[in-house]
Amino acid sequence: VFYGDATRLDLLHAAGAAQARLLVVGVDSPEASVKLVEVARQHFPHLRIVARARNISHWVELRNLGVESVERETFESALRTGRRALEQLGIAPHEARERADRFRRQNVSALHEMLPFFGDETRRLSAAKAGREQLEKQFAEDQAALDRTMGSWAAERDADTEQPERLPAE
């Protein structure tokens, strides 16, 4: 373990970057992360890089530097949280997982489509709008399926808990 500024070339050499096969970038600062990738690409071009991105802009910067394996910091935990919420609402675990996976695929696909022109605001906004429309369509389909599933579940629940009609007191 080496402590210090990972963007310093002397520290990377001391840590064995010249012989390493993989560099995992998980520093908190997006700026430091990008700088580290730039230094590694320049001085250790053989290194494969796996990196964590703090946000979409950071993800784009890392991808534009050639990092193919970039994980967004909160994306997977947000998907797991949504999945657990669906399960708590009565969706079967396998169905909740499928909905989360479908959202993940759509989101990742939209980002990859937007990547080539992320710097072109007009094209980026157009792609974002198309992605939002696709997402709204997916949500509408999911809502319809949920209504079909939950509708029958809700009717059964209401029948089980239905209170007899009370008569006025004499």
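When a residue number appears, it is its place in the shown sequence, counting from 1.
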Problem set entry | side-chain hydrogen bond (donor to acceptor under 3.5 Å, both in side chains) pairs, two or more places apart, involving residues 104-118 | Arg72-Asn107, Glu76-Arg104, Glu98-Arg105, Asp101-Arg104, Ser109-Glu113

Exercise. With sequence neighbours excluded, what pairs up with Ser77 under the side chain to side chain contact (heavy atoms under 4.5 Å, CB included) test?
Worked result: Thr74, Arg80

Problem set entry | Partner residues of Glu95 under the salt bridge (charged side-chain N to carboxylate O under 4.0 Å, His left out) criterion, sequence neighbours left out | Arg99

Exercise. At their closest point, which heavy atom of Ala53 faces which heavy atom of Val70, and how far apart are they?
Worked result: CB-CG1, 3.6 Å

For this session: Not counting sequence neighbours, list each pair that qualifies as a ring-ring contact (aromatic ring centres under 6.0 Å, His included) and has a residue in residues 92-111.
Result: none

Exercise. Where is the tightest heavy-atom contact between Val39 and Leu9, given as atom of each residue plus distance?
Worked result: CG1-CD1, 4.3 Å

For this session: Applying side-chain contact (heavy atoms from CB on, under 4.5 Å), run through Leu22 and Ile49 and close with a yes or a no.
Result: CA-CA 6 Å; Leu22 177 68; Ile49 299 175; 5.9 Å; no

For this session: Please test Val67 against Glu61 for side-chain contact (heavy atoms from CB on, under 4.5 Å), starting from the C-alpha separation and ending with a verdict.
Result: CA-CA 9 Å; Val67 180; Glu61 284 185 275; over 6 Å; no

For this session: Rounded to the nearest 0.5 Å, what's the gap from CD1 on Ile91 to CZ on Arg97? Could you check?
Result: 13.5 Å

For this session: Specify the closest pair of heavy atoms between Ala96 and Glu87, including all atoms of both residues, with the distance to one decimal.
Result: CB-CG, 3.8 Å

Problem set entry | Verify same cluster id: Val37, Val24 (apolar side-chain graph, 4.5 Å) | no

Under 3.5 Å, side-chain donor or acceptor atoms of residues 25-36 against the rest of the protein: list the pairs with distances, not counting sequence neighbours.
{"unit_1": "Asp28", "atom_1": "OD1", "unit_2": "Arg52", "atom_2": "NH2", "d": "2.8"}
{"unit_1": "Asp28", "atom_1": "OD1", "unit_2": "Arg54", "atom_2": "NH1", "d": "3.4"}
{"unit_1": "Ser29", "atom_1": "OG", "unit_2": "Glu31", "atom_2": "N", "d": "3.3"}
{"unit_1": "Ser29", "atom_1": "OG", "unit_2": "Glu31", "atom_2": "OE1", "d": "3.1"}
{"unit_1": "Ser29", "atom_1": "OG", "unit_2": "Ala32", "atom_2": "N", "d": "3.1"}
{"unit_1": "Ser33", "atom_1": "OG", "unit_2": "His58", "atom_2": "NE2", "d": "3.1"}

Problem set entry | Pairs flagged by ring-ring contact (aromatic ring centres under 6.0 Å, His included) wherever residues 20-49 is involved - sequence neighbours left out | His13-Phe44

Problem set entry | Under the side chain to side chain contact (heavy atoms under 4.5 Å, CB included) test, residues paired with Leu115 that sit two or more places apart | Trp59, Val60, Arg63, Asn64

Problem set entry | Interatomic spacing from CD in Glu136 to NZ in Lys129 - rounded to 0.5 Å | 10.0 Å

For this session: Mind jotting down which residue pairs meet the salt bridge (Lys or Arg N to Asp or Glu O under 4.0 Å) criterion with at least one end in residues 11-21? Sequence neighbours excluded, please.
Result: none

Seminar exercise, completed: Residues at least two apart in sequence or cross-chain that pass side chain to side chain donor-acceptor pair (under 3.5 Å) with Arg102, listed by chain then number, are Asp142

Seminar exercise, completed: Between Leu47 and Ala40 the two heavy atoms that sit nearest each other are CD1-CB, 4.5 Å

Problem set entry | Lys137 bridged to Glu133 by N-O distance under 4.0 Å | no

Problem set entry | Pairs satisfying ring-ring contact (aromatic ring centres under 6.0 Å, His included), at least one member in residues 70-90, at least two apart | none

